[in-house]
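Not measured: the values here are computed from a predicted model. As the structure lists them, so they are numbered: ligands from 1, and atoms in each ligand from 1.
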Amino acid sequence: MIITIDGPAAAGKGTLASTLSEKYHLAYFDTGMIYRAVGLEIRLSGVDVNDEQQALQIAQTMTFPRMMELAKDKRLRDSIGGEYASIVAAMTSVRAKLLKMQQDFALRPVYADGTPAKGAIYDGRDTGTVVCPHADIKFYITASPEVRAERRYKEFIAKGVDISYEQVLQDVKIRDERDSNRSSAPLKPAEDAIILDTSNLGIAEVLKKACEIIDSYQKNS
Ligand code: CDP
């Protein structure tokens with residue numbers, strides 16, 4: 001079974017995807033990590049993040065082991081990490097280069113320790129529209145920019161990051177704008193996606209709704 005969860009920054013995709021992957025014994029693929037890893041590699045090498053040729057070169061040499069190494073670096077998830085990821089993710093050549101790696105995972109999904117899984121949950125922006133258009137279930141998780149900024153702000157504060165709510169809100173809006181208006185794989189729900197607006201829903205309620213949909217799919221298939 002392949003499930004995709006797409007939506008804008010800080011909508012709660014990651015929490016939902018990792019909880020569902022444990023509950024239904026599915027591998028979890030955080031596709032944003034790939035763009036974050038390419039962005040961080042660019043940052044570490046001091047190259048201009050807007051230089052598409054250089055970004056493509058880095059994307060071409062990106063491997064899973066290198067991504068795992070970069071994942072240990074705190075800068076992968078800071079606000080510049082998100083900004084750099086969204087800049088490289090708007091480059092058509094970079095997206096094309098990173099697509100196959102994401103699609104191959106659906107053919108042979110594996111857990112974090114490398115053991116085979118019977119299916120996968122993808123989390124990203126275009127996983128239901130481009131990466132896995134034939135997924136069994138597609139969710140599109142969203143919430144107002146203010147609610148999402150509040151959630152991301154709390155995450156940063158919990159990690160000891162010195163940042164204001166206003167700055168986080170501005171970053172969220174800039175990334176929404178870039179993700180939605182890029183020419184390649186813009187952020188939008190797949191036609192057959194189930195849309196969950198989490199502005200007024202807690203994680204337990206979102207999880208309950210998602211589980212009802214998955215359970216009913218499994219019963220009828
Ligand atoms: O956790 P958050 O939603 O803030 O970000 P993420 O999922 O780690 O993704 C970081 C950035 O990568 C996003 O702002 C997108 O620009 C890009 N991305 C994408 O274009 N396509 C994906 N499938 C996943 C992420």
Atoms of ligand 1, numbered as shown, that sit under 4.0 Å from any heavy atom of [X]:
X: Thr31; result: 22 (C), 23 (N), 24 (C)
X: Asp179; result: 13 (C), 14 (O), 15 (C), 16 (O)
X: Ala85; result: 10 (C), 11 (C), 12 (O)

Could you tell me if [Y] and [X] have a donor-acceptor pair between their side chains, going purely by distance under 3.5 Å?
X: Ser86; Y: Arg175; value: no
X: Glu52; Y: Ser93; value: yes
X: Tyr24; Y: Asp215; value: yes

Return the residue, atom name and 0.1 Å-rounded distance of the protein heavy atom closest to [atom].
atom: atom 9 (O) of ligand 1; result: Gly32 CA, 3.7 Å
atom: atom 17 (C) of ligand 1; result: Ala89 CB, 3.5 Å
atom: atom 12 (O) of ligand 1; result: Tyr35 CB, 3.7 Å

At a non-hydrogen distance cut-off of under 4.0 Å, which region of Ala10 contacts ligand 1 (side chain, backbone, both, or neither)?
backbone
So which bit of Arg175 gets within less than 4.0 Å of ligand 1, heavy atoms only: side chain, backbone, both or neither?
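Just the side chain.
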Counting heavy atoms only, which of Arg95, Lys13, Met91, Arg152 comes nearest to atom 1 (O) of ligand 1?
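Minimum heavy-atom distance to atom 1 (O) of ligand 1 goes to Arg152.
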Which of the listed options, Arg36, Arg178, Arg77, Arg125, holds the heavy atom that is closest to atom 22 (C) of ligand 1?
Arg125
Residues in side chain to side chain contact (heavy atoms under 4.5 Å, CB included) with Gln54, at least two apart?
Val47, Asp51, Gln57
Indicate yes or no: does an N/O atom of Asp30 lie under 3.5 Å from an N/O atom of ligand 1?
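In this structure, Asp30 places no N or O atom under 3.5 Å from an N or O of ligand 1.
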If the threshold is 4.0 Å, N to carboxylate O, is there a salt bridge linking Arg66 and Glu41?
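Salt bridge between Arg66 and Glu41, a charged N being under 4.0 Å from a carboxylate O: yes.
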Quick check: are there more than 12 heavy atoms from other residues, nucleotides or ligands sitting under 6.0 Å from CG of Asp48?
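Yes - once you tally the heavy atoms of other residues, nucleotides and ligands closer than 6.0 Å, there are more than 12.
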From Ile141, Thr142, Ile203, residue fulfilling side chain to side chain contact (heavy atoms under 4.5 Å, CB included) relative to Thr198:
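Of Ile141, Thr142, Ile203, side chain to side chain contact (heavy atoms under 4.5 Å, CB included) with Thr198 is met by Ile141 alone.
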Parallel, tilted or perpendicular: which describes the rings of Tyr122 and Phe29, with under 30° parallel and over 60° perpendicular?
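Tilted, since the angle between the ring planes falls between 30° and 60°.
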